[in-house]
Number of protein chains: 2
Amino acid sequence: MGTALQKTIQQLRSENREYFQIALSVDCVIFGFDENELKVLLIKSDLEEFNDQWSLLGDLVSPDENLDSASYRVLKERTGLDDVYLEQVYTFGDVNRHPAGRVITTAWYSLINVKDHQLDLAHNELHWHPVTEITTLAFDHKKILDTCLKQLQSKIDEHPIVFNLLPEKFSLRELQSLYESILGTKLDRRNFRKKFFLMDWLIDVNELEQDVPHRPGKLYRFNAARFSNGKVKLEEAVH
Amino acid sequence: MGTALQKTIQQLRSENREYFQIALSVDCVIFGFDENELKVLLIKSDLEEFNDQWSLLGDLVSPDENLDSASYRVLKERTGLDDVYLEQVYTFGDVNRHPAGRVITTAWYSLINVKDHQLDLAHNELHWHPVTEITTLAFDHKKILDTCLKQLQSKIDEHPIVFNLLPEKFSLRELQSLYESILGTKLDRRNFRKKFFLMDWLIDVNELEQDVPHRPGKLYRFNAARFSNGKVKLEEAVH
DNA sequence: GCAAAAGTGTTTTGCGTACACCCATGC
DNA sequence: GCATGGGTGTACGCAAAACACTTTTGC
């Protein structure tokens with residue numbers, strides 16, 4: 001039934017030429033956990049207008065680049081890390097959000113283990129900022145950060161993603177401190193331990209903390225085998 | 001400290017001209033509830049390539065139009081409704097997702113009361129499809145639909161948004177049937193009623209169903225006063 | 001009176017929360 | 001021996017889940 005109302009792709013393309021004038025960017029909220037604080041990796045804005053303001057790590061998406069590829073590329077370029085945890089959060093598309101023209105941006109957050117890579121921080125003008133101390137950012141990046149943090153907070157209740165922020169082996173205190181940093185609350189230590197052992201997310205590696213000025217805690221690692229492709233193995237979960 | 005490394009907006013704009021070649025669209029998953037089924041409003045694709053396939057309601061975003069304005073505009077144009085519930089879900093940006101060029105799309109879902117408006121369905125080639133019967137759609141719209149449905153499912157547990165799908169007055173059976181349609185599960189009737197009365201989301205309007213071939217149920221309306229700007233009035237919630 | 005759905009309560013179970021004491025280590 | 005955090009168990013309350021019978025209406 002090819003009627004006169006139907007359009008070919010060529011027609012569609014030529015009729016809508018004026019729409020193909022938008023730029024798309026990705027902005028990554030890169031979370032790290034260091035010195036018992038949740039931190040975000042920021043860079044000095046390279047725009048005069050935002051002189052001395054910090055901004056998220058982002059880049060324009062090339063017209064022949066997949067959206068998710070672009071966010072992985074930004075991560076790789078800035079941190080040197082592949083295979084990071086990355087999640088799309090929201091797309092910000094107000095007409096005037098960017099001074100250089102119509103640039104809409106898709107916001108992502110990433111969880112990385114700061115010990116895994118050595119940033120050439122000074123040279124790149126990159127810097128880890130405690131999230132609690134960030135009050136303003138360039139563009140609408142503060143709003144983006146807030147949105148991503150909220151998303152992260154609601155996600156960690158049910159999904160075992162915080163382990164991306166920790167080294168291979170960690171103590172329960174570190175884990176609890178991380179949850180507290182993300183949620184911005186204090187948690188009861190005994191209930192926290194009980195909950196995690198019940199969930200069976202952890203494996204005791206039979207090692208102890210080193211060089212702590214008090215009784216060393218046991219070390220654990222994430223029970224990744226319980227999860228395959230992000231899904232719980234129900235057979236095991238029943239036990 | 002305006003160094004040589006910093007750029008003016010003019011420089012940025014001219015250097016990145018090749019990036020401003022992307023088109024942006026919005027696609028709306030418009031949910032309705034009718035005949036005890038969750039349905040989605042679809043339109044016959046106007047592209048020859050997708051002849052006889054259904055697609056979501058969407059449109060290109062004008063370079064001088066806010067992203068969220070565009071989704072409201074699509075809703076208004078297609079349904080005649082203002083003031084609808086609309087929520088952004090995800091942005092799909094694979095290079096080859098659209099045959100007419102680089103078109104990335106931001107997906108939204110909307111909840112409307114099908115009784116509120118009379119669609120000129122045949123004329124517009126619009127049609128309500130039960131979600132359970134949709135197997136394929138044009139473009140990547142099936143994936144978009146699935147993503148939006150999942151988001152809806154997780155949202156209704158805690159947020160009183162399903163009332164957007166119901167008429168002003170409704171019975172508890174209708175409400176439960178709606179939850180079951182969205183979640184794809186059966187729910188226990190007594191627990192369902194108990195839970196809703198405890199949550200204090202409903203107001204008894206002291207009317208009964210009409211023209212039902214069995215004992216008529218009481219009618220209720222959504223207790224909108226309990227929520228202002230989407231936030232719970234905590235003072236009242238304590239009672 | 002029969003079919004169909006409305007309406008109603010109790011019990012059990014699991015989970016989150018609150019809470020206090022002893023233990024191991026470094027200094 | 002003292003300071004610091006590690007490690008453990010119990011009791012309570014609430015909310016979800018399981019479950020069956022009586023009532024009202026239309027036909």
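No hydrogens, no waters, no symmetry mates; every other heavy atom, side chains included, goes into these values. Order of the sequence lines fixes the chain letters, A, B, ..., with proteins taken first and strands second; residue numbering starts at 1 for each chain.
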Salt bridge (Lys or Arg N to Asp or Glu O under 4.0 Å) assessment of B/Lys142 paired with B/Asp146: CA-CA 6 Å; B/Lys142 181 57 161 64; B/Asp146 292 343; 3.2 Å; yes
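- One interatomic measurement links the two molecules: NZ of A/Lys218 to P of C/dT25, which rounds to 12 Å at whole-angstrom precision.
- Distances shown here put every side-chain N or O of B/Arg215 at or beyond 4.0 Å from the OP1 or OP2 atom of D/dG26.
- In terms of polar N and O atoms assigned as donor or acceptor, the side chain of B/Arg189 comes within less than 3.5 Å of the base of C/dG7 in a complementary pairing.
- Among the atoms of the strands shown, base atoms are found under 4.0 Å from some heavy atom of A/Lys194.
- Closest-nucleotide positions on DNA chain D for A/Phe197 and A/Pro213 were compared, and the one nearer the 5' end corresponds to A/Pro213.
- Put simply, the side chain of A/Asn191 and the base of C/dA18 share a donor and an acceptor less than 3.5 Å apart.
- Rounded to whole Å, atom C1' of C/dA18 lies 14 Å from atom CG of A/Leu187.
- Taking for each of A/Ser171 and B/Val212 the nucleotide of DNA chain D with the nearest heavy atom, the 5'-most of the two is the partner of A/Ser171.
- Using cut-offs of 30° and 60° for the angle between ring planes, the A/Phe192 and A/Tyr179 rings count as perpendicular.
- Taking atom NZ of A/Lys195 as the reference point, atom C1' of D/dG7 lies 19 Å away to the nearest angstrom.
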CA sep, side-chain torsions, deciding dist, call: A/Glu87, A/Lys155, salt bridge (Lys or Arg N to Asp or Glu O under 4.0 Å): CA-CA 11 Å; A/Glu87 185 139 334; A/Lys155 190 103 183 181; 2.8 Å; yes
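- Rounded to whole Å, the distance from CD on B/Glu158 to P on D/dA16 is 11 Å.
- Between the CG atom of B/Asp204 and the C1' atom of C/dG7 there is a distance of 13 Å, rounded to whole Å.
- The interatomic distance linking B/Arg190 (CZ) with D/dT22 (P) rounds to 13 Å, in whole Å.
- When each of B/Thr79, B/Leu81, B/Val84 is paired with B/Ser110, the side chain to side chain contact (heavy atoms under 4.5 Å, CB included) condition holds for B/Val84 and for no other.
- Rounded to an integer number of Å, the gap from B/Asp211 CG to D/dT25 P is 15 Å.
- Between A/Phe33 and A/Leu111 there is no side-chain heavy-atom pair separated by less than 4.5 Å.
- The nearest heavy atom of DNA chain C to A/Asp188 and to A/Pro216 marks one nucleotide each, and the one closer to the 5' end goes with A/Asp188.
- Between the CE atom of A/Met199 and the P atom of C/dG14 there is a distance of 18 Å, rounded to whole Å.
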